[in-house]
Number of protein chains: 2
Amino acid sequence: MGSRPTSAARTPNRLSGTTPLYSAVKQMILDRIANGAWAPGHRVPSENELVAELGLSRMTINRALRELAIEGTLRRVQGLGTFVAEAKSSTGLVEIRAVIDTITERGNRYSASMVINEEERATPDVAEELEIGLAQPVFHTIIVHCENDLPVQLEDRYVNPALAPHYFEQDLTAITPDQFLAQRIGLTEAEHAIDAVLPANWEAKLLGVGRNEPCLLVRRRAFSGKKVATAARLLMPSGRLNIHSRMHIKL
Amino acid sequence: MGSRPTSAARTPNRLSGTTPLYSAVKQMILDRIANGAWAPGHRVPSENELVAELGLSRMTINRALRELAIEGTLRRVQGLGTFVAEAKSSTGLVEIRAVIDTITERGNRYSASMVINEEERATPDVAEELEIGLAQPVFHTIIVHCENDLPVQLEDRYVNPALAPHYFEQDLTAITPDQFLAQRIGLTEAEHAIDAVLPANWEAKLLGVGRNEPCLLVRRRAFSGKKVATAARLLMPSGRLNIHSRMHIKL
DNA sequence: TAGTGGTCTAGACCACTCG
DNA sequence: GAGTGGTCTAGACCACTAA
């Protein structure tokens, strides 16, 4: 960072293959935080101060600080300053992946069988989940997803026909309903809840497990704008399909 | 976006309270993708083309495209161009939060009781999880976390003493071990796996549930650099402490 | 009013990919 | 070589916060 370019004739700021300057600035700040020099809440030098200290343009400094703010390392307040963010307790994000991706990435064979595929009238529960009127028509599919013919997930899904009138025209054993809906409708938001349950009788039968086998239950709702496009219960016998992740901690 | 500023005299680009230009560009691109005009894989106009089309500076266009790339909506390849990313199947991220945050945010009272708090020798299982030698000393704590005195989580944790020699000097019923470790050591990475299990006898007793009550099991390992700082099993009776999230879908 | 971050511009050099 | 994205600069105007 040392070569301070004079105004007119521009000295080359980067040697070939060098890390970008904004990136070096980010790293310098991360280092000062890591070694304890800047504790959480500490006030980071202003953009202008860093411009003077490092001999870089303000846009470069700004990009470094802005990205660190987006990444959660810093907090910025207009008119006030930039501060080291409070330490995040190591709360983690876990990714819920599409079954088919998990299976094919493991090099295994994916198959699915359709159990139910019909238009029904919304019961009170379904109406509430889809946020539509009682007894409105809804599409209902139940699919068993298999890895090498072993059932790994039971998908019980309701779809709002107003948003996906062509839902049934698709071969839903070839493409995941989630994939289809994501492509066909513009899904903008999703909601997840994870729980542990014991399977109902019919669920245990379809999955080929005992009634005392604990299962992961993921309830997922996907939205298109403010409307609920689909609500699904994904039931997975313990041990067959893992939910896991490894991730960096911001600070 | 219409006011194309002439070169010398600068016309004001923003009315007060207007969205930033780079933000408007992002929205425009997102709209074109949403309404199907630009399908996944479609080649987005180059920065220079957008500069000409929209009458903005290249830096502004660049910021819009760069942020959309970071957010996963676009893919950029130097020398080639910018493309609409493939539709993400609606795979979701779920946040695993610190118990204490969840409880206090609900306005309830958090308490904890220490069940075990001692130094032990690593069994084969523990040695493998912590990636240390067999029979090495390890810190072992078992804590029951309660919401309004109702047990909601059983935390069974092993800590690598080499990384956290002062682990026992802390009042671990007042501050979460995860919080302490995040602050004291520099935790850099975390690993999670979620499963559904039935509790063991002693676990069921501590949680005050029946042996047939399915429980969520979160296995978490936190790293400091390449070394495992701590490995924990977090056991949660169904229904008492939910894991959930609502999030935007990138595309 | 002075200082801060938020944004924008016009122009520049570079590394990369392709034909 | 022409075109692409990646980066950097110097200078500018703005909105916000504080004393």
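A, B, ... follow the sequence lines: proteins, then strands. Residue 1 opens every chain.
- Of the options B:R221, B:R157, B:R220, B:E129, a side-chain hydrogen bond (donor to acceptor under 3.5 Å, both in side chains) to B:T230 is made by B:R157 and by none of the others.
- For the ring pair (Phe, Tyr, Trp, His ring centres under 6.0 Å) test, residues two or more places apart in sequence or in another chain that qualify with B:Y110 are B:H145.
- Position along DNA chain D of the nearest nucleotide to B:S46 versus A:I61 favours B:S46 as the more 5'-ward residue.
- Contact annotation: B:R63 side-chain N/O to C:dC8 OP1/OP2 distance is not under 4.0 Å.
- For D:dT7, one of the phosphate oxygens OP1 or OP2 lies less than 4.0 angstrom from a side-chain nitrogen or oxygen of A:Y22.
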Could you list the protein-to-nucleotides 16-19 of chain C atom pairs, N/O on both sides, closer than 3.5 Å?
residue	atom	partner	partner atom	Å
C:dC16	O4'	B:Q78	OE1	2.9

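- Note on residues 167-187 of chain B: pairs passing ring pair (Phe, Tyr, Trp, His ring centres under 6.0 Å), not counting sequence neighbours, are B:F139-B:F168.
- Using a 4.0 Å heavy-atom distance criterion, A:R43 is classed as a sugar-phosphate-only contact.
- With A:E147 as the fixed residue, the side-chain contact (heavy atoms from CB on, under 4.5 Å) test singles out one of A:R109, A:R240, A:R106: A:R106.
- Nearest to the side-chain atoms of B:P20 among the listed nucleotides D:dT4, D:dG5, C:dT7 stands C:dT7.
- Considering only side-chain atoms of B:R58, the nucleotide from C:dC13, C:dG6, C:dC8 that sits closest is C:dC13.
- Here A:R66 pairs with B:E67 in a salt bridge; the nearest charged N to carboxylate O distance falls below 4.0 Å.
- Here the side chain of A:S57 is nearest to one of D:dT9, D:dT7, C:dG5, namely D:dT9.
- The side chain of A:R66 lies closest to C:dT7, out of D:dT9, D:dG6, C:dT7.
- For D:dT4, neither phosphate oxygen OP1 nor OP2 lies less than 4.0 angstrom from any side-chain nitrogen or oxygen of B:T82.
- The closest side-chain heavy-atom distance from A:V228 to A:N160 is not below 4.5 Å.
- Two residues, A:L65 and A:M59, neighbour DNA chain C, and the one matched to the more 5' nucleotide by heavy-atom proximity is A:L65.
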